[in-house]
Number of protein chains: 2
Amino acid sequence: MFDPLGYAPAYLRVSEAIRDRILRRDLKEGQALPTETELARQFEVNRSTVREALRKLESSGLLGRRAGGKRLYVTRPTRESVGGGLSQALALHETRVVDVWEALQAVQPGIAQAAALRRTPAALERLAAAARRFAGRRADRDHAVEDVADFFNALGEASDNLVFVLLNEPLLRLLKPSLAVIIDRVAQARGRIETAQKHIVNAVAAKDSETAAAWMTRHVRDFRRGYEVAGIPLSSEVGQDLDVA
Amino acid sequence: MFDPLGYAPAYLRVSEAIRDRILRRDLKEGQALPTETELARQFEVNRSTVREALRKLESSGLLGRRAGGKRLYVTRPTRESVGGGLSQALALHETRVVDVWEALQAVQPGIAQAAALRRTPAALERLAAAARRFAGRRADRDHAVEDVADFFNALGEASDNLVFVLLNEPLLRLLKPSLAVIIDRVAQARGRIETAQKHIVNAVAAKDSETAAAWMTRHVRDFRRGYEVAGIPLSSEVGQDLDVA
DNA sequence: CACATATTATTGTCCGACAATCAGACAGGC
DNA sequence: GCCTGTCTGATTGTCGGACAATAATATGTG
């Protein structure tokens with residue numbers, strides 16, 4: 001019958017006030033925030049209260065600190081902080097590897113397509129470089145995984161669409177552990193990845209979006225095959241990798 | 001030559017310690033956290049320090065409060081909190097409507113496909129209900145927008161893949177403002193949406209994933225047409241809607 | 001001007017305090 | 001028995017003040 005009359009503690013109101021100013025670009029990126037004492041004076045609250053508000057903004061990635069610095073600066077959420085939040089949420093919700101795989105299958109061809117259409121020469125070179133790195137370094141398992149992730153990331157950046165880049169990050173983060181197992185256990189995995197990457201690079205270079213998407217579809221399907229061959233149950237949960245920047 | 005030896009302030013170490021316990025399911029969802037005083041005692045820090053740590057966890061959605069409650073409970077990040085973070089990040093990065101549209105185009109057909117394959121009768125009914133609501137309520141603009149979002153959300157849930165659900169949320173959030181404009185300005189928009197939804201519901205009901213994906217592709221392409229007819233520049237930035245739960 | 005040094009400002013942390021209010025116990029009235 | 005009011009203790013939200021460590025800035029010196 002009645003809505004609860006909303007009360008919000010001061011630290012929340014302060015944090016929202018600051019966040020609004022940031023979102024409406026009133027406080028611009030790179031700008032230094034006033035000192036805690038000054039904020040406390042302006043909001044007419046205690047410094048402890050201000051500090052609680054700042055911690056909230058800090059962990060949403062809206063405020064950051066320069067390396068070894070003391071003051072807080074306005075920042076935009078990085079790929080890592082956004083991806084960390086999302087992958088953390090997914091890990092907590094008992095997401096299975098097959099779910100992540102399915103999402104990759106849905107989204108990667110679209111990314112490849114967009115990348116092929118809009119890639120700049122520089123972005124293409126970064127993509128090709130990632131593929132070369134993967135092909136060149138046949139020894140180390142962990143580096144290989146990183147290189148695969150770099151390849152996907154480079155493709156996302158080549159699409160010139162930040163939505164893709166940000167969606168990519170958490171998916172890759174969750175993919176990595178199982179990908180490492182695949183590379184370890186499936187002999188032909190490296191070769192197949194290498195081939196797919198080469199074809200995708202070529203298609204992107206030629207601005208052939210159809211072929212890029214088609215090869216990406218094949219590439220992602222290969223991962224599923226890899227799970228089966230490596231003996232990873234599709235319904236196993238994605239690991240809770242705790243390193244959330 | 002040497003890496004900077006990592007010093008982390010106490011509030012960060014405390015927050016990470018608690019977060020790790022949550023991520024490794026040591027603290028289970030719904031469980032009440034010890035009181036602030038007790039945490040301060042265990043960590044051997046001051047209560048203020050504990051409170052700063054708690055604020056961080058609170059805003060990553062790992063801790064929450066029951067309505068009108070005082071204690072903090074372990075929670076899993078909700079769709080809203082995850083979506084809020086991501087859409088906030090995108091809004092700050094000058095994402096354009098065309099970027100969001102492109103992501104929808106990439107991801108929605110895959111969602112429709114998965115939903116068609118795996119929908120339960122209950123999920124199908126929720127999807128159909130959302131379509132009926134949209135078709136029935138021709139008057140109100142804002143409700144219509146909500147109904148469209150509900151349709152996409154219901155589809156995401158029908159896919160039984162949380163990754164899709166979580167990816168959907170921020171995209172829909174960013175879509176809404178421009179969708180409202182389309183519905184206002186484009187006379188035939190409602191009709192076309194209604195038709196597409198009907199076909200998608202039918203395809204999902206028949207477990208015909210191909211048709212579901214195809215109609216979804218058409219549906220999303222229609223939005224782009226809507227932007228053009230409504231005179232919304234594709235390169236306009238997605239609004240910074242400030243209501244980030 | 002470059003570089004070392006002193007000063008100041010700012011953050012991180014602590015302590016103690018108190019009002020508001022939530023949770024639970026407890027009793028009284030229908 | 002169930003609802004209502006009252007009491008008590010525990011817990012959170014907020015405050016004020018304090019101090020060490022150190023980053024930021026000013027100052028002097030070659």
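Below, read A as the first sequence line, B as the second, and so on, with proteins coming before strands; counting in each chain starts at 1. Because only heavy atoms are used, hydrogens play no part in the values below, and waters and symmetry mates are left out as well, while side chains stay in.
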Student: Strictly below 4.0 Å, heavy-atom distances to any atom of DNA chain C: list the hits from residues 26-34 of chain B, or just say none.
Tutor: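 Listed by number, there are none.
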Student: Is there a side-chain contact between Tyr73(B) and Leu33(B) in this structure, where contact means two heavy atoms from C-beta onward sitting under 4.5 Å apart?
Tutor: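 Counting from C-beta outward, Tyr73(B) and Leu33(B) never come under 4.5 Å.
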Student: Applying salt bridge (charged side-chain N to carboxylate O under 4.0 Å, His left out), can you list everything that pairs with Asp184(A), at least two apart in sequence or on another chain?
Tutor: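 With neighbours one apart ignored, the set is Arg141(A).
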Student: Assess whether side chain to side chain donor-acceptor pair (under 3.5 Å) is satisfied between Ser48(A) and Ser48(B), documenting all intermediate values.
Tutor: CA-CA 7 Å; Ser48(A) 314; Ser48(B) 313; 5.4 Å; no
Student: Shoot me the first and last contacting nucleotide of DNA chain D against chain A, ordered 5' to 3', at under 4.0 angstrom to non-hydrogen atoms.
Tutor: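 So the outermost contacting nucleotides come out as dG13(D) to dA24(D).
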Student: Hey, does Arg66(B) reach any base, or is it just sugar-phosphate, or nothing, if we go heavy atoms under 4.0 Å?
Tutor: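 The answer is nothing, as Arg66(B) stays clear of every strand by at least 4.0 Å.
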Student: Report the residue (Pro9(A) or Thr35(B)) whose heavy-atom-nearest nucleotide on DNA chain D is the more 5′ of the two.
Tutor: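 With Pro9(A) and Thr35(B) compared, the 5'-side residue is Thr35(B).
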Student: Given that Tyr11(A) and Lys70(A) both sit by DNA chain D, which one's nearest nucleotide is further toward the 5' end?
Tutor: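 By nearest-heavy-atom nucleotide position, the 5'-most residue is Tyr11(A).
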Student: Considering only heavy atoms from C-beta outward, does the side chain of Phe43(A) approach that of Ile18(A) to under 4.5 Å?
Tutor: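 Contact flag for Phe43(A)/Ile18(A) side chains = yes.
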Student: Are Glu146(B) and Arg133(B) close enough for a salt bridge, meaning some N to O gap below 4.0 Å?
Tutor: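 Answer for the salt bridge query: no.
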Student: With sequence neighbours left out, write down each residue that passes salt bridge (charged side-chain N to carboxylate O under 4.0 Å, His left out) with Asp160(B), or none if nothing qualifies.
Tutor: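 For Asp160(B), no residue satisfies salt bridge (charged side-chain N to carboxylate O under 4.0 Å, His left out) once neighbours in sequence are set aside.
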Student: Could you tell me which residues satisfy ring pair (Phe, Tyr, Trp, His ring centres under 6.0 Å) with Phe223(A), sequence neighbours excluded, listed by chain and number?
Tutor: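 With neighbours one apart ignored, the set is His219(A).
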Student: Tabulate below the donor-acceptor pairs under 3.5 Å that side-chain atoms of residues 123-132 of chain A make, not counting sequence neighbours, or state none.
Tutor:
{"residue": "Glu125(A)", "atom": "OE2", "partner": "Arg132(A)", "partner atom": "NH2", "Å": "2.8"}

Student: Quick one: does Arg118(A)'s side chain have a donor or acceptor within less than 3.5 Å of a partner on Ser159(A)'s backbone?
Tutor: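 Here the side-chain-to-backbone pair exists.
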Student: Could you give the start and end, 5' to 3', of the contact zone on DNA chain C for chain A, using atoms under 4.0 Å from its heavy atoms?
Tutor: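 Range of nucleotides touched by chain A: dT10(C) to dT13(C).
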Student: Got a donor-acceptor contact below 3.5 angstrom from the Asp99(B) side chain to the Arg96(B) backbone?
Tutor: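 Side chain of Asp99(B) to backbone of Arg96(B), a donor-acceptor pair under 3.5 Å: yes, one is there.
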Student: If the condition is salt bridge (charged side-chain N to carboxylate O under 4.0 Å, His left out), which residues does Arg119(A) pass it with, not counting sequence neighbours?
Tutor: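 Arg119(A) satisfies salt bridge (charged side-chain N to carboxylate O under 4.0 Å, His left out) with no residue once adjacent residues are dropped.
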Student: Between the side chain of Ser60(B) and the main-chain N/O of Lys56(B), is any donor-acceptor distance below 3.5 Å?
Tutor: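 Between the backbone of Lys56(B) and the side chain of Ser60(B) there is a qualifying donor-acceptor contact (under 3.5 Å).
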Student: In degrees, rounded to 10°, what is the bend between the two ends of the helix from dC1(C)-dG30(D) to dC30(C)-dG1(D), using five pairs at each?
Tutor: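 Axis-to-axis angle, ends of the helix: 30°.
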Student: Identify, with sequence neighbours excluded, every residue that meets salt bridge (charged side-chain N to carboxylate O under 4.0 Å, His left out) alongside Glu36(A).
Tutor: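 If we apply the salt bridge (charged side-chain N to carboxylate O under 4.0 Å, His left out) test to Glu36(A), skipping adjacent residues, the hits are Arg47(A), Arg51(A).
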Student: Measure across Val97(A) and Pro233(A) and return the closest heavy-atom pair with its distance rounded to 0.1 Å.
Tutor: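 For Val97(A) versus Pro233(A), the nearest heavy atoms are CG2-O, 3.6 Å.
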Student: Among all residues two or more places apart in sequence or in another chain, which pass the side chain to side chain contact (heavy atoms under 4.5 Å, CB included) test with Glu38(B)?
Tutor: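 If we apply the side chain to side chain contact (heavy atoms under 4.5 Å, CB included) test to Glu38(B), skipping adjacent residues, the hits are Pro34(B), Thr35(B), Arg41(B), Gln42(B).
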Student: What residues in residues 36-64 of chain A put a non-hydrogen atom under 4.0 Å from any atom of DNA chain C?
Tutor: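 Output list: Glu36(A), Arg47(A), Arg51(A), Arg55(A).
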